Trainee: 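Structure provided below as structure tokens; questions to follow.
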Amino acid sequence: MGDSGSMSIVMYPWLAFGHMTPFLHLSNKLAEKGHKIVFLLPKKALSQLEPFNLYPNLITFHTISIPQVKGLPLGAETNSDVPFFLTHLLAVAMNQTQPEVDTILRTIKPNLVFYDSAYWIPEIAKPVGAKTVCYNIVSAASIALSLVPAAERELTDGKEISLEELARSPLGYPSSKVILLAHEAKNLRFVWKRHEEIGSFFDGKVTAMRNCDAIAIRTCRETEGKFCDYIASQYSKPVYLTGPVLPGSKLNQASLEPRWADWLAKFNPGSVVFCAFGSQPVVDKIDQFQELCLGLESTGLPFLVAIKPPSGVQTVEEALPEGFEERVKGRGIVYGGWIQQPLVLNHPSVGCFVSHCGFGSMWESLMSDCQVVLVPQHGEQILNARLMTKEMEVAVEVEREENGWFSRRSLEVAVKSVMEEGSEVGEKVRKNHEKWRCVLSDSGFADGYIDKFEQNLINLVKS
Ligand SMILES: O=c1ccn([C@@H]2O[C@H](COP(=O)(O)OP(=O)(O)O[C@H]3OC[C@@H](O)[C@H](O)[C@H]3O)[C@@H](O)[C@H]2O)c(=O)[nH]1
Ligand SMILES: [O-]c1cc(O)cc2[o+]c(-c3ccc(O)cc3)c(O[C@@H]3O[C@H](CO)[C@@H](O)[C@H](O)[C@H]3O)cc12
């Protein structure tokens, strides 16, 4: 540790924007307290992350060469470049960066190394005297359900795990509400699936959490205390919480692009539905993409959608239903690029957020005063959605059929249930949401978490 008490920290998150971005938000909070961070990332991610670096004098980006692994698309460096079913090959590529990271750690000799997927970090950090923190940017509930030693599944060679087995919660799991139904459990198959090159996601994550000096989670006790306690008892080690770690006011001072601000300003307060599905392509199938568009059309409300194109097409325009653009002209936009979500959610005209319930979006929705409708796409997002709908009761979830399909009608029903005046469900979630927003946005709430987190790190480094 430096004479002034400042720590030298290296961060190496999983090669996905949904992970790198919250690692960078945490880096900003630690830099604000005077700590120095070297942030390792692939070259391609640099230009997208640089604008979020609020302390360029303390946070240095260091690019890492991501090797070309057989089977990965040419030049793939983050999981935005890789289809979901090839994610394990990106993990193989990340593992091959170990010698480069080793050299960096030997040169910098940091006090702390933060990582999430690169389970081999403790092996190379220990010899240089660094302590390691496995920082998880997904919900504690999703870790507690499938990434603890008690969730190990007996795999018989060549046999697939049954849906009933996949849906089983581990012994001692602390909730009967934040769970997956049997027909949703197929979403978890990837967790235990074995890959010749690297074993399973489960093995990698459990090793990552077993070998670190401390586990950290981007959450708070108020929303997920019992899941955090369960994780701590499963791994017999401290679990530090960072709180929501939303980008500070400095980033929020940026203003919304005029084309969106001007367009939104045409509508009544609280009348527009904003829909966004995160930083990765999620709605895979073109028919589900179209069902989403048609569902929003049938609400009769103005809407703005920020979404990646589905598989098989290059642009969202190619995927739109026939005659759609003509019919919704003037009140509906589907945009394939990036829109500043936190700023849109705080725009006075926006009253409803239709979200995939990625963990970052979950926090942003809780901080906003929008009504929240959830259309989770993957296992972890389904669990986040259950937390929001069944435990906190601040949102509604779009109903799906047993084959996983959602219809335009179920989306329309969900949006109307929270947007129509006098709706009982709408009133209930609005009231509960308001209570949570007050708790979470209380001055001192987020800062309190970061102060305690910093103290935990200092004690860890000194231990
Ligand atoms: O158009 C956009 C899309 C997204 N965003 C921002 O990008 C971030 C998206 O993060 P999320 O965690 O919600 O979702 P992602 O899908 O990108 O994340 C990924 O990692 C976190 C996991 O919980 C998710 O399940 C996983 O998909 C949010 O901060 C959101 O404000 C925009 O600002 N504009
Ligand atoms: O789908 C998931 C279901 C579940 O019960 C747990 C997880 O956990 C994680 C995870 C990721 C990183 C961590 O440090 C801890 C947990 C999941 O991560 C997502 O996995 C995808 C497949 O590898 C990946 O593409 C995405 O970027 C990750 O956010 C998913 C589940």
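All values reported here derive from a predicted model rather than from experimental measurement. All ligand and atom numbering here is 1-based and tracks the order in the structure.
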Trainee: Ser142 versus ligand 2: do any nitrogen or oxygen atoms come within less than 3.5 Å of each other?
Mentor: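 It does: an N or O of Ser142 is found under 3.5 Å from an N or O of ligand 2.
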
Trainee: Evaluate Tyr135 for polar contact with ligand 2, using N/O atom pairs at a separation under 3.5 Å.
Mentor: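 N/O-N/O distance below 3.5 Å does not exist for this pair.
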
Trainee: What do you reckon, are the aromatic ring centroids of Phe114 and Phe23 less than 6.0 Å apart?
Mentor: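 Ring-ring flag for Phe114/Phe23: false, centres at least 6.0 Å apart.
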
Trainee: Does an N or O anywhere in His356 fall below 3.5 Å from an N or O of ligand 1?
Mentor: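 There is such a contact, yes.
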
Trainee: State the atoms of ligand 1, each with its element, that fall below the 4.0 Å cut-off from a heavy-atom position in His19.
Mentor: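 Listed by number with element, the hits are 20 (O).
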
Trainee: Assess the pair Tyr449 and Phe453: is the distance between their ring centroids shorter than 6.0 Å?
Mentor: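 That pair fails the under 6.0 Å test.
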
Trainee: Which residue holds the protein heavy atom closest to atom 13 (O) of ligand 1, what is that atom called, and what is the gap in Å?
Mentor: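 Here the closest protein heavy atom is Ser361 OG, 2.5 Å.
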
Trainee: Strictly under 4.0 Å, does any heavy atom of His378 approach an atom of ligand 2?
Mentor: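 Heavy atoms of His378 never come under 4.0 Å of ligand 2.
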
Trainee: Of all the atoms in ligand 1, which lie at a distance below 4.0 Å from a heavy atom belonging to Ile339?
Mentor: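 In order of numbering, the contacting atoms are 1 (O), 2 (C), 32 (C), 33 (O), 34 (N).
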
Trainee: If you measure every N/O of Asp116 against every N/O of ligand 2, is any gap under 3.5 Å?
Mentor: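 No.
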
Trainee: Can you tell me how far CZ of Phe303 sits from SG of Cys275, rounded to the nearest 0.5 angstrom?
Mentor: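 If I round to the nearest 0.5 Å, the distance is 9.5 Å.
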
Trainee: Starting from atom 29 (O) of ligand 1, what is the nearest protein heavy atom, named by residue and atom, and what distance separates them?
Mentor: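 Answer, as residue, atom name and distance: Glu364 OE2, 2.6 Å.
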
Trainee: Stepwise, does the side chain to side chain contact (heavy atoms under 4.5 Å, CB included) test hold for Val191 with Leu147?
Mentor: CA-CA 8 Å; Val191 171; Leu147 299 175; 3.9 Å; yes

Trainee: Lys205 to ligand 2: N or O pair under 3.5 Å?
Mentor: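 Yes, Lys205 has an N/O under 3.5 Å of an N/O on ligand 2.
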
Trainee: Could you tell me whether ligand 1 has any atom less than 4.0 Å away from a heavy atom of Glu380?
Mentor: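 Heavy atoms of Glu380 do come under 4.0 Å of ligand 1.
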
Trainee: Considering all protein heavy atoms, does one lie under 4.0 Å from atom 2 (C) of ligand 1?
Mentor: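 Yes.
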
Trainee: Is it true that Arg400 and Glu184 make a salt bridge, defined as a side-chain N closer than 4.0 Å to a carboxylate O?
Mentor: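 No, no charged N to carboxylate O under 4.0 Å.
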
Trainee: Would you tell me which option among Trp338, Phe277, Trp363 has the nearest heavy-atom contact to atom 4 (C) of ligand 1?
Mentor: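 Looking at heavy atoms only, Trp338 sits closest to atom 4 (C) of ligand 1.
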
Trainee: Under 3.5 Å, N or O to N or O, is Asn79 touching ligand 2 that way?
Mentor: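 Yes, Asn79 has an N/O under 3.5 Å of an N/O on ligand 2.
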
Trainee: Can you confirm, on distance only, whether ligand 1 has an N/O atom lying under 3.5 Å from any N/O atom belonging to Ala306?
Mentor: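 So ligand 1 has no N or O lying under 3.5 Å from an N or O of Ala306.
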
Trainee: Tell me whether the rings of Phe39 and Phe61 are parallel (<30°), tilted (30 to 60°) or perpendicular (>60°).
Mentor: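 It falls in the perpendicular class, over 60°.
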
Trainee: Of all the heavy atoms in Ala276, does at least one lie under 4.0 Å from an atom in ligand 1?
Mentor: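 Checking ligand 1 against Ala276, which is what was asked, there is no heavy-atom contact under 4.0 Å.
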
Trainee: Work out whether the distance between some heavy atom of Gln381 and some atom of ligand 2 is less than 4.0 Å.
Mentor: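 The answer is no, since Gln381 has no heavy atom less than 4.0 Å from ligand 2.
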
